[in-house]
2 protein chains.
Amino acid sequence: MQDDQSLSTLSLAVLGLISEQSRTGYDIRKAFATTPIGHYCTSPGAIYPALKRMDACGWIVGSTANKESLRPKKVYALTEAGRKKLKQDVSQPVTREDVMYRMDHLLLRFAFMGKLVSRQKTAKFLTGMGAEIDSYVASLKQFQGEAGKQMPLHGVLAMENGIEGYQAHSRWTRRAIRSFNR
Amino acid sequence: MQDDQSLSTLSLAVLGLISEQSRTGYDIRKAFATTPIGHYCTSPGAIYPALKRMDACGWIVGSTANKESLRPKKVYALTEAGRKKLKQDVSQPVTREDVMYRMDHLLLRFAFMGKLVSRQKTAKFLTGMGAEIDSYVASLKQFQGEAGKQMPLHGVLAMENGIEGYQAHSRWTRRAIRSFNR
DNA sequence: AATTTCATGTAACCAGTTACATGATTCA
DNA sequence: TGAATCATGTAACTGGTTACATGAAATT
């Protein structure tokens with residue numbers, strides 16, 4: 001995990017959770033298991049190595065409680081570098097690629113923006129996201145118009161599913177912007 | 001890739017495309033790059049090894065054209081075992097986990113069902129999918145009701161986005177079922 | 001003559017999955 | 001006292017990413 005690369009979805013989720021409050025690996029696993037936050041790997045084999053990597057990068061620091069015990073509990077806190085990294089990651093402009101295959105990542109970015117960027121910046125993020133979604137929907141509809149005729153029913157329906165999902169995201173975006181301008 | 005494991009999304013997409021018609025690795029890359037079919041890796045580093053693995057499993061066979069040339073073109077065709085494997089994979093019951101984090105995989109399964117299972121089975125798949133989505137939406141709303149009050153605006157909005165996306169999928173499911181009963 | 005498209009691959013790397021391993025504390 | 005929960009890790013594996021490498025055929 002290089003410093004300049006963008007965070008994986010798992011790393012983003014972990015770093016975001018720690019940015020809200022200091023947490024142990026177990027706390028994070030519990031959050032993944034019990035809340036609708038990107039519920040991937042609740043497995044220790046993903047989370048503990050990720051924590052280790054981010055510690056090595058200097059984005060989080062682990063303070064060990066119960067040092068004398070055999071299994072000391074490690075509470076990770078966000079560092080200033082970590083806050084910077086997270087802020088930088090969530091602040092990237094929204095690209096077509098984000099919309100095409102990283103919507104979950106995009107929503108995580110939004111979810112953790114609260115304490116990191118201004119309301120204006122958040123509104124701008126949502127505007128950019130809405131614009132990219134709308135432009136992508138337009139291209140999907142164009143494809144539908146061109147290739148749709150010779151596509152089998154299943155393909156046509158699957159495309160409609162995709163378009164309608166994105167349209168729902170687009171509507172949400174507009175509503176969210178209003179709630180930030182209010 | 002064991003024979004009994006379920007296909008990765010990439011493998012499903014590749015196998016599905018080959019099930020429609022025999023294709024070369026390049027054809028598949030082109031399909032990923034130019035159609036809205038799960039547009040992941042258009043990179044040869046993912047597709048050629050995947051083809052090799054599926055060939056080794058006996059799901060596809062490559063017939064080499066231009067044998068005398070330095071870079072012979074390999075056209076892959078679906079085998080009977082491959083057709084069985086694909087049919088088995090798309091026919092699995094829809095689980096909560098599929099809905100929670102494999103919606104794209106689910107839609108791919110639907111998209112390739114056309115030539116593999118009966119209209120009744122397809123309608124049943126859609127019914128199951130709709131039921132799982134609705135039940136998941138219900139649980140999300142319950143979470144929203146319980147934890148929503150103490151959640152920050154960003155979290156609340158992100159949850160709404162998720163719920164509305166799933167509701168769009170649910171509406172689509174009902175419409176798709178109608179089009180299969182018609 | 002140069003560029004694009006067709007066409008297939010490998011090698012190093014890395015993150016996530018699965019399975020295993022260990023042990024303390026709390027609660028019924 | 002036994003089960004559930006708290007708590008942290010490692011090891012082997014595997015699939016996908018990035019970058020590299022090659023060269024023919026078609027188009028401009």
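Chain identifiers are assigned alphabetically (A, B, ...) following the order of the sequence lines, protein sequences preceding nucleic acid strands; residue numbering begins at 1 within each chain.
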Task: Between C1' of dG16(D) and CG of Leu12(B), the distance in whole Å - done: 16 Å
TODO: Would you indicate what Ser43(B) reaches in the nucleic acid, counting non-hydrogen atoms under 4.0 angstrom: base, sugar-phosphate, or nothing?
DONE: base
Task: ring pair (Phe, Tyr, Trp, His ring centres under 6.0 Å) partners of His105(B), counting only residues at least two apart - done: none
TODO: For the residue pair Ser170(A) and Asp134(A), confirm or rule out a side-chain donor-acceptor distance under 3.5 Å.
DONE: yes
- [ ] Give me the one residue out of Asp89(B), Leu12(B), Val90(B) that meets side-chain contact (heavy atoms from CB on, under 4.5 Å) with Leu108(B).
- [x] Leu12(B)
- [ ] Answer yes or no: does a side-chain N or O of Ser8(B) lie under 4.0 Å from OP1 or OP2 of dG16(D)?
- [x] yes
- [ ] Can you tell me the distance, in whole Å, between the CZ atom of Arg102(A) and the C1' atom of dG16(D)?
- [x] 14 Å
Task: DNA chain D-proximal residues of residues 17-35 of chain B, any heavy atom under 4.0 Å - done: none
Task: Nearest-angstrom distance from the residue atom OH of Tyr101(A) to C1' of dT17(D) - done: 12 Å
Open item on the list: Check the phosphate of dT10(D) against Lys52(A), side-chain N and O only, distance under 4.0 Å to OP1 or OP2. Yes or no?
Closed with: yes
Task: Hydrophobic cluster membership, Tyr76(A) vs Tyr48(A), 4.5 Å side-chain cutoff - done: yes
TODO: Give, for atom OH of Tyr166(A) and atom NZ of Lys141(A), the distance between the pair rounded to the nearest 0.5 Å.
DONE: 14.5 Å
Task: Rounded distance in Å - CG (Asp55(B)) to C1' (dG9(C)) - done: 15 Å
Open item on the list: Using only atom types and a distance under 3.5 Å, with no angle test, would you say the side chain of Ser139(A) pairs donor to acceptor with the backbone of Tyr136(A)?
Closed with: yes
Please report, to 0.1 Å, the donor-acceptor pairs under 3.5 Å made by any side chain of residues 143-163 of chain B, with sequence neighbours excluded.
| from | atom 1 | to | atom 2 | distance (Å) |
| --- | --- | --- | --- | --- |
| Glu146(B) | OE2 | Gln142(B) | NE2 | 2.9 |
| Lys149(B) | NZ | Gly145(B) | O | 3.0 |
| His154(B) | ND1 | Phe110(A) | O | 2.9 |
| Glu160(B) | OE1 | Arg175(A) | NH2 | 2.4 |
| Asn161(B) | OD1 | His169(A) | ND1 | 3.2 |
| Asn161(B) | ND2 | His169(A) | ND1 | 3.3 |

Task: Protein-nucleotide distance (Ile47(A), atom CD1; dT18(C), atom P), rounded to Å - done: 13 Å
- [ ] Hey, which sits more toward the 5' end of DNA chain D by its nearest nucleotide, Arg53(B) or Pro44(B)?
- [x] Arg53(B)
Task: Separation of atom OH in Tyr48(B) from atom P in dT22(D), rounded to whole Å - done: 17 Å
Open item on the list: Nearest whole Å is fine: how far is dG16(C) P from Leu10(B) CG?
Closed with: 18 Å
TODO: Measure from the side-chain heavy atoms of Ala46(A) and tell me the nearest of dT10(C), dA7(D), dG16(C).
DONE: dG16(C)
Task: Rounded interatomic separation in angstrom, taking NZ from Lys73(A) and C1' from dA24(C) - done: 12 Å
